[in-house]
Amino acid sequence: MPELPEVETIRQDLRRNILRKKIEKVKVVSSKTIKNSPSVFQKKLEGCFFSEVDRIGKLLIFKISSADSF
């Protein structure tokens, strides 16, 4: 398990590298981890953008925006 400063460093690096980047492809490895069917999940995310990377403790939170938001 990474220490909190490491998680913050990763969050900052991700923020610099993925904000406003388009999600081109989504691969669902385990359908048990999502609420909807994998195809619905993929369709909702593909074409969207990362709008923020936050953190709650050691958990990274990725905020997603649709293309209409930009």
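What's counted below: heavy atoms across the whole structure, side chains too, no hydrogens, waters or symmetry copies.
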Distance check, rounded to the nearest 0.5 Å: [X] atom [atom1] versus [Y] atom [atom2]?
X: Ile61; Y: Ile56; atom1: CD1; atom2: CD1; answer: 4.5 Å
X: Gln12; Y: Ile10; atom1: CD; atom2: CD1; answer: 11.0 Å
X: Lys63; Y: Asp54; atom1: NZ; atom2: CG; answer: 4.5 Å
X: Leu60; Y: Glu8; atom1: CG; atom2: CD; answer: 9.0 Å

Show me the side-chain donor-acceptor pairs of residues 39-50 shorter than 3.5 Å, one per line, residues at least two apart or across chains.
| unit_1 | atom_1 | unit_2 | atom_2 | d |
| --- | --- | --- | --- | --- |
| Ser39 | OG | Ser37 | OG | 3.3 |
| Gln42 | NE2 | Val26 | O | 2.9 |
| Glu46 | OE2 | Val26 | N | 3.0 |

Between Arg11 and Val53 (side chain of the first, backbone of the second, donor and acceptor by atom type, cut-off under 3.5 Å), is there such a pair?
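Such a contact is found between Arg11 side chain and Val53 backbone.
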Under the salt bridge (charged side-chain N to carboxylate O under 4.0 Å, His left out) test, residues paired with Lys58 that sit two or more places apart:
none
With sequence neighbours excluded, what pairs up with Glu6 under the side chain to side chain donor-acceptor pair (under 3.5 Å) test?
none
Given side chains that start at C-beta, do those of Val7 and Arg55 come closer than 4.5 Å, heavy atoms only?
yes
Out of curiosity, does Ile64 fall in the hydrophobic cluster containing Ile18 (side-chain heavy atoms, cut-off under 4.5 Å, transitive links)?
yes
